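Have a look at the structure below, then the notes.
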Amino acid sequence: MRMGRTTVNLDEQALARAQAALGTTGLSDTINAALAEVSRRRVLEGFDVLRDIDGTPAEVEANRRPEQGVSAP
């Protein structure tokens, strides 16, 4: 994984809430976990339990909606 270094201004209260929600302590860990969570939620937006779980693997694949330009993390 490529890592970069940058300077940002952070809302410290939002950071504290994110740390509590994510169970993280460090700044980098919290930011990386938050970014991963946003990506995960975006992928799950297109998940349909009946379409994606109910049926054989071939049926599930045949009924899968086209991706919306989002790849899994």
Side-chain angles (χ1 to χ4, degrees):
M1 170 176 22
R2 185 175 172 273
M3 301 292 274
R5 181 175 288 272
T6 190
T7 301
V8 296
N9 296 315
L10 293 176
D11 177 334
E12 291 186 17
Q13 291 176 336
L15 176 63
R17 289 190 302 270
Q19 287 174 325
L22 297 166
T24 56
T25 55
L27 179 61
S28 292
D29 288 342
T30 303
I31 292 170
N32 288 325
L35 293 171
E37 178 63 15
V38 168
S39 297
R40 184 188 73 82
R41 288 182 185 197
R42 181 64 184 249
V43 168
L44 290 177
E45 284 177 1
F47 185 77
D48 180 321
V49 173
L50 294 177
R51 182 198 71 224
D52 294 338
I53 293 178
D54 191 27
T56 67
E59 291 170 332
V60 169
E61 188 60 35
N63 292 317
R64 189 171 307 279
R65 290 184 208 145
E67 293 296 321
Q68 299 177 8
V70 177
S71 60

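From a predicted model like this one, the values you see are computed outputs, not experimental measurements. What you see below is based on every heavy atom in this structure, not just the backbone, and it leaves out hydrogens, waters and symmetry mates.
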List the atom pairs, donor and acceptor, that lie under 3.5 Å between side-chain atoms in residues 14-28 and the rest of the protein, sequence neighbours left out.
{"residue": "Gln19", "atom": "NE2", "partner": "Thr25", "partner atom": "O", "Å": "2.7"}
{"residue": "Gln19", "atom": "NE2", "partner": "Thr30", "partner atom": "OG1", "Å": "3.4"}
{"residue": "Thr24", "atom": "OG1", "partner": "Thr30", "partner atom": "OG1", "Å": "2.6"}

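Evaluation of the salt bridge (Lys or Arg N to Asp or Glu O under 4.0 Å) rule for Arg5 yields no partner, not counting sequence neighbours.
Rounding to the nearest 0.5 angstrom, the gap separating the CZ atom in Arg41 from the CD atom in Glu37 is 4.5 Å.
By the rule that hydrophobic residues join a cluster once side-chain heavy atoms approach within less than 4.5 Å of another member, Leu35 and Val43 end up as members of separate clusters.
Think of Val38 as one node in a network of Ile, Leu, Val, Met, Phe, Trp and Tyr side chains linked at under 4.5 Å; it has no links at all.
Residue pairs meeting the salt bridge (charged side-chain N to carboxylate O under 4.0 Å, His left out) criterion with at least one partner in residues 25-35, sequence neighbours excluded, are absent.
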